[in-house]
Amino acid sequence: MVCLIKAPRGTNDILPPETNKWAYLEALLRRLSNTYNFQEIRTPIFEYTELFTRTVGETTDIVQKEMYTFEDKGGRLLTLRPEGTAPVVRAFLEHGLDSKALPAKLFYLGPMFRYEKPQAGRYRQFMQYGVEILGSPSPYSDVEVIQMGVKIAEELGLLGTTLFINTIGCPECRKEYREDLVEYLKDQISDLCPDCRSRIDTNPLRVLDCKNPECRKVTQDAPSVHDYLCDECEAHWETLKTILTSLGMEYTVDPTLVRGLDYYTRTVFEIKWPPLGAQDTIVGGGRYDGLAEQLGGSHIPGVGFALGMERLLLASDKGEKPIDATCPIDCFIVVAVGEDDGFSDDMYIRGFQLLQDLRSSGISCDFDPLRRSMRAQMKHADRAGAQYTIIFGEEEFRNSAVSVRSMKHGWQKQIALDHVLGFVKGEILGGT
RNA sequence: GUGGAUGUAGCUCAGGCGGUUAGAGCGCCAGGUUGUGGCCCUGGAGGUCGGGGGUUCAAAUCCCCUCAUUCACCCCA
């Protein structure tokens with residue numbers, strides 16, 4: 001079969017039984033959100049372009065090359081959201097949530113869009129889950145968020161994840177650092193790759209995480225932010241590490257971890273799972289104390305993380321306990337149609353009635369509307385993962401009974417039609 | 001955006017130096033089994049050989065372009 005029109009590049013159709021994994025993951029994330037007391041927030045899929053250019057940063061890859069931007073019929077410049085934090089903070093300010101009890105703990109779950117070259121674990125439309133704590137400057141909030149990220153990986157049976165953390169200071173201490181870094185880099189400019197040469201002016205911190213070996217040599221001896229931290233940032237950083245240690249959480253300090261969005265301050269972190277290959281960051285986040293002010297609000301410190309669900313499911317499949325994609329039903333009604341002896345139609349109707357009764361009792365069940373052979377129906381029942389089949393046959397029909405068969409154990413008994421509902425309910429809901 | 005690899009049945013893949021009707025396994029449908037799933041046997045359906053163009057008497061096979069996937073880079077979730 002061919003279809004003239006295919007799904008656009010970098011997008012995915014998610015089909016059964018794969019959808020069951022998504023349902024499971026979503027349920028897991030919602031459950032954990034509740035455990036950590038995060039409440040769901042839903043924001044539009046598109047926003048004014050300016051929201052992202054102002055917060056994410058003009059010089060970042062996201063803004064420069066990855067946004068789906070378009071003009072609507074009213075001449076408004078809009079962008080399909082490439083990330084969730086800026087919209088959440090925007091909605092938070094717009095609706096005056098800062099006048100309610102703080103800190104606010106919010107989570108979101110939905111599609112994001114980035115115009116990138118697709119690769120395994122990286123798509124143009126992808127589902128992201130993220131949490132944000134707004135109104136708390138406390139390093140305990142940083143740890144709360146980080147710990148939840150680790151917890152999610154654990155719940156999915158991902159062994160061998162690594163938590164990388166770093167601090168990039170605040171705008172105050174970063175100012176002096178930035179000047180010294182730029183000066184240092186300009187002295188070594190001949191050894192830097194072309195990308196990094198232009199980064200010196202646009203975003204010098206990003207030179208630090210360039211993977212080019214030549215650039216690495218240069219950055220090895222570059223001044224470190226850690227030597228420029230103001231007292232507050234230093235205290236925040238030290239407390240953060242102390243709390244992590246006291247929880248027995250292992251972490252690696254990675255001074256080259258700066259992350260690609262401009263709004264980050266102080267803490268940044270990533271959780272990586274190496275078996276994924278090139279796209280091995282499953283959770284990424286950090287603190288953004290200046291974001292609300294950038295959007296015209298008051299000073300509302302924030303910290304959060306985001307995770308890509310496609311990537312997480314990819315990891316889950318490769319991990320220790322892949323999510324079970326099957327979705328079996330409780331029972332299946334089989335109607336054995338013999339030669340047309342006048343019973344068939346009646347049997348079908350009685351079977352169909354029982355189907356309704358079972359469903360009304362909360363028992364999942366199905367039947368074969370195609371009136372195929374009994375064998376075909378049994379096969380169908382088997383494939384649907386039915387635990388029990390309920391067989392309407394001529395012989396049973398004459399006795400006002402049906403046969404109930406356990407597909408798992410193979411036993412089969414005749415049950416009076418009047419009692420079958422109770423019997424099946426007992427078998428399935430009674431937990432035998 | 002840069003570089004490499006790969007596109008043949010629903011899925012996993014053979015075939016490939018040009019030569020009749022393009023194959024296998026799995027899956028699907030039916031029969032063997034007019035009252036029974038899984039195992040086994042038999043049969044059947046299902047293909048624009050990713051798309052377009054070119055070379056040729058002849059293209060799944062050679063050439064060009066294009067689209068898609070994938071790996072790496074860039075960057076991220």
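Order of the sequence lines fixes the chain letters, A, B, ..., with proteins taken first and strands second; residue numbering starts at 1 for each chain. Source: prediction; values computed, not measured.
Residue R114(A) is in base contact, counting any heavy-atom pair closer than 4.0 Å across all strands shown. Within the nucleic acid shown, G84(A) has no heavy atom closer than 4.0 Å to any nucleic acid atom. Across all strands, V283(A) comes closer than 4.0 Å only to sugar-phosphate atoms, never to a base (heavy-atom distances). Among the heavy atoms of the strands lying under 4.0 Å from E66(A) are primed sugar atoms or P, OP1, OP2 only; no base atom is included. No contact: Q377(A) has no heavy atom under 4.0 Å from any strand. Within the 4.0 angstrom heavy-atom criterion, base atoms lie near I391(A). In this structure, G130(A) reaches neither bases nor backbone, as no heavy-atom distance under 4.0 Å exists between it and the strands shown. As judged by a 4.0 angstrom heavy-atom cut-off over every strand, Q64(A) is placed among residues making no nucleic acid contact. Base contact: Q412(A) has a heavy atom under 4.0 Å from a base atom.
In terms of polar N and O atoms assigned as donor or acceptor, the side chain of R375(A) never comes within less than 3.5 Å of the base of G37(B) in a complementary pairing. Remark: the R206(A) side chain and the C75(B) base include no donor-acceptor N/O pair separated by less than 3.5 Å. Residue K117(A) places a side-chain atom within donor-acceptor reach of the base of U2(B), judged by atom type and a 3.5 Å distance cut-off alone.
Checked for salt-bridge contact, D345(A) and R371(A) meet the test: a charged N lies under 4.0 Å from a carboxylate O.
Both distances falling under 3.5 Å, in either a Watson-Crick or a G-U wobble arrangement, place C73(B) opposite G1(B).
Between Q119(A) and A72(B) there is a side-chain polar atom (N or O) within less than 4.0 angstrom of OP1 or OP2. Using a 4.0 Å cut-off, some side-chain N or O of R383(A) falls inside it from OP1 or OP2 of C28(B). At U34(B), none of the side-chain N or O atoms of R372(A) fall inside 4.0 Å of OP1 or OP2 (strictly under the cut-off). Using a 4.0 Å cut-off, some side-chain N or O of R259(A) falls inside it from OP1 or OP2 of A77(B). Dashed line: the shortest gap from a side-chain N or O of S373(A) to OP1 or OP2 of G31(B) is under 4.0 Å.
Here G50(B) is the nucleotide among G1(B), G50(B), G38(B) with the atom lying nearest to any side-chain atom of K6(A). For Q128(A), whose side chain is taken as the heavy atoms from C-beta onward, the closest listed nucleotide among C74(B), G38(B), A77(B) is A77(B). If you check U36(B), C74(B), A77(B) against the side chain of Y123(A), the one that comes closest is A77(B). Among the nucleotides C75(B), G37(B), U70(B), the one closest to the side chain of A120(A) is U70(B).
A 4.5 Å side-chain heavy-atom check between F164(A) and V253(A) finds every atom pair outside the cut-off. The shortest side-chain heavy-atom distance between R359(A) and D366(A) falls under the 4.5 Å cut-off.
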